[in-house]
Amino acid sequence: MSGGSGRQQRRLVLHVDLNNTVVAADAVSGQGPRAALNTFLSTVTWGRAGAAGEWQWVSDRPSLWPPCPGALSYYSRHGRDPAFTDTGPGRRFSGLHARHLQLLEWPGRSHDVFSVQGEAGKRYHLLLPAFFRLLDALHRDARAFAVVFRTFGTDLPRALQAVSCALAGQHPQFPALRDVPLPVDLTPGQIRCSKREVVLTRGAERLTSREGARKLYEYFSSLEGIRGFQDHFDWWARNQFSSRGGKPLWIDPHDPSVHHIFIDDNIRLDDADTIVHPQVFMERGSRSPRRAPTSELYDICLVQTDLLEAIADQDYFLRCVRRCEENYDRYLACTEEDTLSQQWDG
């Protein structure tokens with residue numbers, strides 16, 4: 001199975017962060033859209049310290065990656081700043097902030113489910129239109145897929161309820177979503193990590209990686225509809241916010257029937273400063289995977305959200321998924337070649 005026909009038959013499991021990915025807010029820190037957008041901008045603008053220690057910008061354009069050698073993101077030097085464009089050096093980007101905040105505004109009459117209260121009496125989208133556009137487009141393409149919200153925050157119930165209402169045809173901008181046959185499970189689960197194991201619970205369900213991670217991989221691979229899990233923030237913090245303590249993701253390149261993609265604004269190529277812990281099964285049917293660097297799976301199974309693009313372009317998430325699928329075909333082909341080479345060498 002390869003190429004376009006393989007992609008059409010391959011099932012998608014989309015692991016999607018909430019805060020600053022499909023929700024322009026942060027329940028963990030209590031930030032609304034204005035502050036959340038400021039915080040994101042402080043992570044994607046780049047400069048360096050001058051001779052006297054003053055901050056000097058090296059680019060006027062936000063970007064997910066350093067624009068030149070030696071560039072540092074503002075947040076890496078000064079921390080995440082919810083008032084980034086209001087005072088200090090960040091005021092240079094105040095116009096950009098204002099434009100995207102305006103794009104976030106809820107049009108027409110307020111809606112208690114799909115919009116949230118902001119400053120100055122304005123209301124904003126709870127879930128970005130680009131997310132609903134993704135659901136609609138995948139359905140129109142007759143794709144088999146599931147969505148798993150993965151967040152450290154406490155906003156899963158509200159997000160799941162909003163999606164449930166949208167799929168019931170209640171979203172005024174996406175009425176056609178009533179035709180998308182995706183069940184929404186409104187009961188969030190939990191994922192808790194330790195040195196010994198990963199434990200997943202949801203209602204009466206309980207799975208553990210103690211006897212191998214294969215069961216957890218199979219669980220996520222077989223999920224239907226839309227669900228949500230709260231990941232383990234304290235474990236990430238105890239591991240210095242590195243990939244080792246991040247949200248676990250299992251990948252099996254020997255299973256061509258499913259493609260797992262994780263979309264999160266805190267995914268970064270630096271494994272010492274990223275939020276997902278990718279693990280890849282080395283052999284068909286094996287129980288214990290190896291840790292994989294983010295660089296191995298970047299834009300293949302891991303997507304670093306560009307919140308600005310996600311706000312401005314309703315096709316943003318769809319383009320991300322399609323890019324990953326194209327790259328995944330090549331990744332599987334390389335894995336197959338490596339397996340055949342090892343068998344030949346053996």
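Keep in mind that the numbers below use all heavy atoms, side chains included, and drop hydrogens, waters and symmetry copies.
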According to salt bridge (Lys or Arg N to Asp or Glu O under 4.0 Å), who are the partners of D60, at least two apart in sequence or on a separate chain? R92
In Å, rounded to the nearest 0.5 Å, how long is the span from CG of D136 to CD of Q314? 10.0 Å
CZ/F145 to CG/L12 distance, rounded to the nearest 0.5 angstrom? 8.5 Å
Any ion pair linking [Y] and [X] (charged N to carboxylate O, less than 4.0 Å)?
X	Y	value
E296	R290	yes
D271	R244	no
D252	R284	no

Side chains of [X] and [Y]: donor-acceptor distance under 3.5 Å anywhere?
X	Y	answer
Y75	D273	yes
D264	T21	no
Y217	D255	yes
S115	R123	yes
S42	H78	no

Listed pairs under 3.5 Å, donor-acceptor, residues 102-113 side chains, sequence neighbours left out:
unit_1 : atom_1 : unit_2 : atom_2 : d
W106   : NE1    : R109   : O      : 2.7
H111   : ND1    : V113   : N      : 3.1
H111   : ND1    : F114   : N      : 3.4

Checking [X] now: which residues fulfil side-chain hydrogen bond (donor to acceptor under 3.5 Å, both in side chains) with it, not counting sequence neighbours?
X	answer
H125	none
T208	E197
W55	none

Go through S63 and W46 one step at a time and tell me if the side chain to side chain donor-acceptor pair (under 3.5 Å) criterion holds. CA-CA 8 Å; S63 61; W46 304 86; 3.2 Å; yes
Can you sort out the partners of F84 under ring pair (Phe, Tyr, Trp, His ring centres under 6.0 Å), two or more places apart, ordered by chain and number? Y74
Applying ring pair (Phe, Tyr, Trp, His ring centres under 6.0 Å) to Y219 and not counting sequence neighbours gives none
Do the non-hydrogen side-chain atoms of [X] and [Y] ever get within less than 4.5 Å of each other?
X	Y	answer
V58	L72	no
L182	V184	no
F262	L14	no
V199	H232	no
C324	I300	no
Q230	I191	no
L135	I226	yes
L37	L308	yes

Side chain S242, main chain A272, donor-acceptor under 3.5 Å: no
Donor-acceptor contact below 3.5 Å, side chain W250 vs main chain P248: no
[atom1] ([X]) with more than 12 external heavy atoms under 6.0 Å:
X	atom1	value
R287	CZ	no
Q117	CD	yes
E205	CD	yes
R192	CZ	yes
R140	CZ	no
E218	CD	yes

With sequence neighbours excluded, what pairs up with [X] under the side chain to side chain contact (heavy atoms under 4.5 Å, CB included) test?
X	answer
A137	R133, L318
E224	R11
S59	R61, P67

Distance under 6.0 Å and angle within 45° of ring axis: [X] vs [Y]:
X	Y	answer
R150	F229	no
K247	F233	no
R227	F149	no

Residues joined to W235 in its hydrophobic cluster, side chain to side chain under 4.5 Å directly or through other members, sorted by chain and number, are none
Joint hydrophobic cluster, V258 plus V16, side-chain heavy atoms closer than 4.5 Å: no
Quick one: do L332 and I251 end up in the same hydrophobic cluster if we chain Ile, Leu, Val, Met, Phe, Trp and Tyr together by side-chain heavy atoms under 4.5 Å apart? yes
Steps toward salt bridge (charged side-chain N to carboxylate O under 4.0 Å, His left out) verdict (D141, R322): CA-CA 12 Å; D141 288 345; R322 287 175 173 168; 3.1 Å; yes
For a quick test of reading the model, state the closest non-hydrogen atom pair linking T294 to T274 and the distance between them. OG1-CG2, 3.8 Å
How far apart are the C-alpha atoms of T39 and Q31, what are their side-chain angles, what is the distance that settles it, and do they pass the side chain to side chain donor-acceptor pair (under 3.5 Å) test? CA-CA 9 Å; T39 297; Q31 294 178 357; 3.1 Å; yes
Got a sec, which pairs hit salt bridge (Lys or Arg N to Asp or Glu O under 4.0 Å) with one end in residues 159-187, sequence neighbours left out? D185-R202
Please lay out, stage by stage, how R143 and E325 fare under the test salt bridge (charged side-chain N to carboxylate O under 4.0 Å, His left out). CA-CA 12 Å; R143 297 301 305 274; E325 290 195 283; 2.9 Å; yes
